[in-house]
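Here the structure is laid out as structure tokens; the discussion comes afterwards.
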2 protein chains.
Amino acid sequence: MMKLKVYADRMSQPSRAVLIFCKVNGIDFEEIKIELSKRQHLSPEFHAINPFKKVPAIVDGRFKLFESHAILIYLACAFPGVADHWYPSDISRRARIQSVLDWHHLNLRPGAASYVLNTVLAPLLGRQLNQQAAAEAEKVLISSLSTIENIWLKGNGRYLLGGLRPSIADLSLVCEIMQLELLDEKDRDRILGPHKKVQQWIESTKNATRPHFDEVHNVLYKLKTKLSVQQSKRADSVMEPRIKTPLTSKL
Amino acid sequence: MMKLKVYADRMSQPSRAVLIFCKVNGIDFEEIKIELSKRQHLSPEFHAINPFKKVPAIVDGRFKLFESHAILIYLACAFPGVADHWYPSDISRRARIQSVLDWHHLNLRPGAASYVLNTVLAPLLGRQLNQQAAAEAEKVLISSLSTIENIWLKGNGRYLLGGLRPSIADLSLVCEIMQLELLDEKDRDRILGPHKKVQQWIESTKNATRPHFDEVHNVLYKLKTKLSVQQSKRADSVMEPRIKTPLTSKL
């Protein structure tokens, strides 16, 4: 039988969720890198895999599928080795996971993705930063994090919906939030700082999926380091005239 | 056993999808009207059902659920009388339906809802029409309809993904598109006119769910009639000065 193929860019948060899921569950797969920054998602070859030209996408035998939530659900059902907690067979628990995933698409995803794009990533993609868009996205992002803190993490469970073990919703949402690592530390602290349960839950999800979680996020950690070097250089060059000006004026 | 409760406003397209689904499948349920225009979704009673204060929501025994896609999937799995074509037990077909539903949330829904809000509905909700938002939404809406026409309805099936019978995705998407009935006829023709397969598919879905489809949409048809009376009155009052001006200038 043909090996499962996963078309992914590790810079894409839903790609990371699918890759980590496969690795944690011992699914035998081949990772096919589609680098968005090199516009590889626009090639005719990839268009034949996903007409929407987005990652992640999978090919399992003759079956093609895209949309990360649909992929996670498919993998959880199609591969018998996957533990039940990822996508429980219990209909009610499954339905509630579904409602978190639907909520994610309409709230956390647009908030987080647009905020990071418009405060950090745009220049790397040859686009302009947009302060207005960033301000609007920040509201959606902060409100989404409050919802996770106060509604989805209500109760004593370590995971969403009071779960004792992670589901595909935990993995999907935590991978979304991980892109905040790319922010300036000040911004990240302002946004994530007040949400203590969210922070614990991120740690729990990391721990439950080690070492694959960090391995798949490595590309993000590297970019974070590169960005913070740039940020501190920019901060230095901004500081200089500030120091010079008062000195001059005092003389 | 307690009867299933469905909290819905028939003016909400996902509410209509859930109500039609229950009726078509002979599910014994009680419809509890939550009128958005009377702000009934903001009551403490409804907040206890759905902390997000949105319709539709269901209560089945002690189990509460919201997000219409999650509800449709739950009902299809929890009620044994539901025919398999609505949410097939085959894992691959199920996954593809899931990917259509995910796509719906991120494309057709924001396009259609924002366009109708900003060209027709806003004044009824005490809000201003926003031409800029309408223009942006129109692009998303038209591109979404093209996607349905050329990708989801590709092939010879009557329904999405080549289906011979409707799934929950057909019902959910057609109910979304039905709100275009409220548009000025000129706008509706411009937007829906070029999409012949979409039009046939709407008819097929209506036929497959008669008489419940029209019964549940009746509130929308009534509002449509009311709005077209208003529109023709406005057109008359706009016409008058136009007729007068050339007459005057000719004299």
Side-chain angles (χ1 to χ4, degrees), chain A residues 14 47 50-54 56-80 82 87-107 109-110 113 143-144 146-148 150-152 154 161 168-169 172, chain B residues 14 47 50-54 56-80 82 87-107 109-110 113 143-144 146-148 150-152 154 161 168-169 172:
Chain A
H47 186 244
N50 180 359
F52 294 101
K53 305 170 188 169
K54 287 183 177 170
I58 62 167
V59 175
D60 189 19
R62 296 193 314 161
F63 179 63
K64 297 171 191 168
L65 187 66
F66 40 88
E67 284 295 344
S68 67
H69 294 164
I71 292 172
L72 290 168
I73 291 172
Y74 172 78
L75 295 175
C77 295
F79 288 80
V82 176
Y87 188 60
S89 48
D90 177 80
I91 293 170
S92 310
R93 288 174 64 202
R94 190 170 271 204
R96 300 202 69 210
I97 288 172
Q98 187 74 49
S99 73
V100 175
L101 292 173
D102 287 343
W103 172 87
H104 173 208
H105 258 170
L106 296 171
N107 296 276
R109 162 143 323 157
S143 143
S144 297
S146 298
T147 296
I148 298 174
N150 300 313
I151 298 182
W152 300 128
K154 205 166 95 174
L161 303 168
I168 54 172
S172 181
Chain B
H47 186 243
N50 179 0
F52 294 100
K53 305 172 187 167
K54 286 185 177 168
I58 62 167
V59 176
D60 188 20
R62 297 191 313 162
F63 178 63
K64 296 171 192 167
L65 187 66
F66 40 89
E67 285 294 345
S68 67
H69 294 165
I71 292 173
L72 290 168
I73 291 172
Y74 172 78
L75 294 175
C77 296
F79 288 80
V82 176
Y87 188 59
S89 48
D90 176 81
I91 293 171
S92 310
R93 288 175 62 200
R94 189 171 272 201
R96 299 204 67 207
I97 289 173
Q98 188 74 50
S99 74
V100 175
L101 293 172
D102 287 344
W103 172 88
H104 173 207
H105 258 170
L106 296 171
N107 297 275
R109 162 142 325 156
S143 140
S144 298
S146 297
T147 297
I148 297 175
N150 300 315
I151 298 181
W152 301 127
K154 205 166 94 173
L161 304 169
I168 55 173
S172 182

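Chain identifiers are assigned alphabetically (A, B, ...) following the order of the sequence lines, protein sequences preceding nucleic acid strands; residue numbering begins at 1 within each chain.
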Within a strict 4.5 Å, meaning less than it, do heavy atoms of the F66(A) and W103(B) side chains meet? no
From CA spacing to verdict: side-chain contact (heavy atoms from CB on, under 4.5 Å), R96(B), K64(A): CA-CA 9 Å; R96(B) 299 204 67 207; K64(A) 297 171 191 168; over 6 Å; no
Pick from [options]: which one has the most heavy-atom pairs with chain A under 4.5 Å?
{"options": "I71(B), T147(B), D102(B), I97(B)", "value": "D102(B)"}
{"options": "C77(B), P110(B), S92(B)", "value": "S92(B)"}
{"options": "L106(B), L65(B), I73(B)", "value": "L106(B)"}

More than 12 non-hydrogen atoms from neighbouring residues, nucleotides or ligands closer than 6.0 Å to CZ on R94(B), yes or no? yes
Can you tell me which portion of S68(A) sits under 4.5 Å from chain B's heavy atoms? Options are side chain, backbone, both or neither. neither
Looking at every non-hydrogen atom in both residues, tell me the closest pair between A70(B) and A95(A) and how far apart they are. CB-O, 3.7 Å
Taking every non-hydrogen atom, the tightest pair across P51(B) and I151(A): CB-CD1, 3.7 Å
Distance (rounded to the nearest 0.5 Å) between L101(A) CG and Q98(B) CD: 8.0 Å
